[in-house]
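Everything below concerns the one structure shown next.
Chain identifiers are assigned alphabetically (A, B, ...) following the order of the sequence lines, protein sequences preceding nucleic acid strands; residue numbering begins at 1 within each chain.
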Number of protein chains: 2
Amino acid sequence: MVQAKKSFDGFFKSAFTVDNVIFGFDDGKLKVLLIKRNEEPFNDFWALPGYFVQQHEDLDAAAQRVLRETTGLENVYLEQVHSFGSPGRHDFGRVITVAYYSLVKVADFELHAASIAEEVAWHDVEEISTLAFDHEEIIRVALNSLKRRIRTQPVGFKLLPPAFTLTDLQHLYEAVWEVDLEKRNFRKKILSMNLLRDLGRSQTGVAHRPARLYSFEENRYRELEEEGFNFELKEGKRK
Amino acid sequence: MVQAKKSFDGFFKSAFTVDNVIFGFDDGKLKVLLIKRNEEPFNDFWALPGYFVQQHEDLDAAAQRVLRETTGLENVYLEQVHSFGSPGRHDFGRVITVAYYSLVKVADFELHAASIAEEVAWHDVEEISTLAFDHEEIIRVALNSLKRRIRTQPVGFKLLPPAFTLTDLQHLYEAVWEVDLEKRNFRKKILSMNLLRDLGRSQTGVAHRPARLYSFEENRYRELEEEGFNFELKEGKRK
DNA sequence: ACAAAAGTGTTCGTACTACACCCATGC
DNA sequence: GCATGGGTGTAGTACGAACACTTTTGT
């Protein structure tokens, strides 16, 4: 076996990294978490929180670790989206990267720049400037994945605080899909799914009729899923 | 820069491969193309057509090349699905693999075992035995991707011959989704999309009323897509 | 009182569901 | 003539689209 291995040595000269696209929702806009690098290459550029995977580390675990080390985010559910491996994408040699993405509640985390990050911040997805490596493309691909996913999986709730209004939820969908949705129909559809719990409370201190607050019932969703229920929302027309 | 690179050497000891999940449809059943390996590890095991990516090769191009070299298939549109990188998945060291998948017409290709393949053959997806590496898992993931994809993209046609009957198409969906669909409604839905051209011909030599033959109008689909049309079929109830 | 957003009733049309029935061919 | 799928008509229903109106709060 060691004999056999010999002839394959030429293939074992690559490295791989993980890069995390962390989406948040704040101020009615879709955000993505970026770090400012303090290491070559692309020193001082904004980039996705990512780094090399260690020799004996599982990919998913590496994504978790790197995210924690660069941004302080912990216990975040990460999902793989796509791998990127153009031969010239990294100055130091052949590096392919496996991209992960996640949806989080902005308010839940205190950001701590560390490791190769000298700064961490939420950026508007709409206003991303030049990033390190091919990270703009990675975000584009992750965003497409998100657009499809929130249509058929109740993942949008992960971006909202535990108590939210129906209008919050609608704005979220409108921001991600870049469409306008009709209020009445959106509400009817969402409520008919029986996935929300009416918290019996309302907003306070708003200069208009306060909106009722809801929470997402994860357990209820799992029950319904068992019975063959499919979450699905329609995208309206483009803005 | 070379100085900087030094300290990263420890990361550049991995290899990566591509593995292709090629789906076909024949005899009313969903098939996947496998090769019998003639190389360690997993010598003599059935496996997905895959191999190491070369140092300066693009991932997508590598998938194409490897598929050609192992099976003779050329000019196949491959799409990336997922990457697999458990630390222990390959005996020779750290190897992560990027999985691709495709849908082809079984009749279009003559299979030629070559390179590390001593045999190439279509296997029923339902009856896959023990495969090399984690290839069973890879197929499972690719199959899930296929199930979702044929719902919203007109890719199912890629599995059928250029002239097919509506029943062929229905059987294809039934096989992939493992459901029974209602004939009348399936036909109405498909025909209402205006994506099929009635070829004016019919089957011959069948012991019942011969079915009309249709072809898929790729151009028509692209036109409709421009206008905002969305292909979508509903899965019926599970079998 | 007024602005601003929450929240509801209802009408209309389209499209999916579920059956039942007739048609063309080979043996 | 009979078995075997191909192909069609239609009634009932559910659901999305569109729109107008009422309610509740802060200033």
Side-chain angles (χ1 to χ4, degrees), chain A residues 27-28 151-152 160 163-175 177 179-215 224 227-239, chain B residues 27-28 151-152 160 163-175 177 179-215 224 227-239:
Chain A
D27 193 23
R151 220 171 69 87
T152 54
L160 296 174
F164 52 86
T165 70
L166 292 180
T167 304
D168 289 341
L169 187 60
Q170 184 179 335
H171 286 338
L172 166 59
Y173 275 91
E174 290 178 334
W177 285 340
V179 295
D180 286 320
L181 300 171
E182 213 278 321
K183 182 174 60 166
R184 183 75 184 103
N185 300 327
F186 180 79
R187 283 157 179 259
K188 242 190 315 197
K189 180 67 185 170
I190 288 286
L191 289 176
S192 74
M193 289 180 182
N194 276 313
L195 289 173
L196 300 187
R197 171 204 290 264
D198 185 336
L199 295 175
R201 294 184 284 125
S202 294
Q203 290 177 307
T204 51
V206 286
H208 55 75
R209 175 172 176 178
R212 206 166 289 165
L213 292 169
Y214 293 87
S215 69
L224 289 171
E227 299 165 16
F229 164 80
N230 282 312
F231 183 91
E232 177 145 15
L233 289 171
K234 290 244 162 74
E235 288 182 50
K237 307 137 198 147
R238 295 277 125 203
K239 255 181 201 161
Chain B
D27 192 23
R151 218 171 68 86
T152 54
L160 295 174
F164 52 86
T165 69
L166 293 179
T167 303
D168 289 342
L169 186 61
Q170 183 179 338
H171 287 338
L172 166 58
Y173 275 90
E174 291 178 333
W177 285 340
V179 295
D180 286 322
L181 300 172
E182 211 280 321
K183 181 174 60 167
R184 183 71 185 104
N185 300 328
F186 180 81
R187 284 158 178 257
K188 243 192 309 199
K189 179 67 185 169
I190 287 286
L191 289 176
S192 74
M193 290 182 183
N194 276 313
L195 289 172
L196 300 187
R197 173 204 289 266
D198 185 335
L199 295 174
R201 296 184 282 125
S202 293
Q203 291 177 306
T204 51
V206 284
H208 54 75
R209 177 172 174 177
R212 209 166 288 165
L213 292 169
Y214 293 87
S215 68
L224 289 172
E227 298 166 18
F229 165 81
N230 282 312
F231 183 90
E232 175 146 13
L233 288 171
K234 292 243 164 71
E235 289 182 49
K237 309 140 198 141
R238 297 273 125 204
K239 255 180 202 162

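- In this entry the distance linking CZ of Arg184(B) with C1' of dG12(D) reads 16 Å, nearest Å.
- Of the inter-residue distances, the one linking Asp168(B) atom CG with Tyr173(B) atom OH reads 13.0 Å to the nearest 0.5 angstrom.
- Taking atom CZ on Phe186(A) and atom C1' on dT8(C), their separation rounds to 17 Å, with Å as the unit.
- Across all their heavy atoms, Thr165(B) and Ala211(B) have their closest contact at CG2-CB, 3.6 Å.
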Sequence neighbours left out, cut at 3.5 Å: what donor-acceptor pairs do the side chains of residues 187-199 of chain A make with other protein atoms?
from      : atom 1 : to        : atom 2 : distance (Å)
Arg187(A) : NH2    : Thr167(A) : OG1    : 3.2
Ser192(A) : OG     : Lys188(A) : O      : 3.3
Ser192(A) : OG     : Lys189(A) : O      : 2.7
Arg197(A) : NE     : Glu217(A) : OE1    : 3.3
Arg197(A) : NH2    : Glu217(A) : OE2    : 3.4
Asp198(A) : OD1    : Gly200(A) : N      : 2.8

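- Remark: P of dT23(D) and CG of Leu166(A) are 20 Å apart, rounded to the nearest angstrom.
- Atom pair Asp180(A):CG and dA18(D):P shows a separation of 12 Å (rounding to whole Å applied).
- Picking from dC16(C), dT8(D), dA18(C) the nucleotide with the shortest atom distance to the side chain of Asn185(B) gives dA18(C).
- Put simply, NE2 on His171(B) and CG on Leu160(B) are 11.0 Å apart, with the number rounded to the nearest 0.5 Å.
- Residues from residues 191-213 of chain B placing a heavy atom under 4.0 Å of any atom in DNA chain D, listed by number, are Ala207(B), His208(B), Arg209(B), Pro210(B), Ala211(B), Arg212(B).
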If you apply the rule side-chain contact (heavy atoms from CB on, under 4.5 Å), what do you find for Leu169(A) with Phe186(A), and how did you get there? CA-CA 9 Å; Leu169(A) 187 60; Phe186(A) 180 79; 3.9 Å; yes
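- The interatomic distance linking Gln170(A) (CD) with dG7(C) (P) rounds to 12 Å, in whole Å.
- Considering every non-hydrogen atom in both Trp177(B) and Lys234(B), the closest pair reads CZ3-O, 3.6 Å.
- Rounded to a whole Å, the CG atom of Leu169(B) is 13 Å from the P atom of dG6(D).
- Per the geometry, CG belonging to Leu181(A) stands 12 Å off P belonging to dA18(D), to the nearest Å.
- We find that NZ of Lys234(B) is positioned 10 Å from P of dC15(D), with the value rounded to whole Å.
- Take Gln170(A) and apply the side-chain hydrogen bond (donor to acceptor under 3.5 Å, both in side chains) test, not counting sequence neighbours, and it matches Glu174(A).
- With distances taken from any side-chain atom of Glu182(B) to the nucleotides dA6(C), dA17(D), dA18(C), the minimum falls on dA18(C).
- Partners of Glu232(B) under the side chain to side chain contact (heavy atoms under 4.5 Å, CB included) rule, at least two apart in sequence or in another chain, are Arg151(A), Glu232(A), Arg151(B), Thr152(B).
- A donor-acceptor contact under 3.5 Å is not formed by the side chain of Lys188(A) with the base of dG16(D).
- In this structure, the nucleotide among dG7(C), dG9(C), dG9(D) sitting nearest to the side chain of Arg187(A) is dG7(C).
- With the end axes of the helix from dA1(C)-dT27(D) to dC27(C)-dG1(D) each set by five pairs, the angle from one to the other reads 0° at 10° resolution.
- Scanning for side-chain hydrogen bond (donor to acceptor under 3.5 Å, both in side chains) contacts around Glu182(A) gives Asn185(A), with sequence neighbours left out.
- In this model, a side-chain donor or acceptor of Lys183(B) finds a partner on the base of dG7(D) within 3.5 Å.
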Quick test: give all pairs of protein nitrogen or oxygen and nucleotides 12-15 of chain C nitrogen or oxygen below 3.5 Å, distance rounded to 0.1 Å.
none

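- Of all the heavy atoms in Pro210(B) and Gln203(B), the pair that sits closest is CB-O, 3.2 Å.
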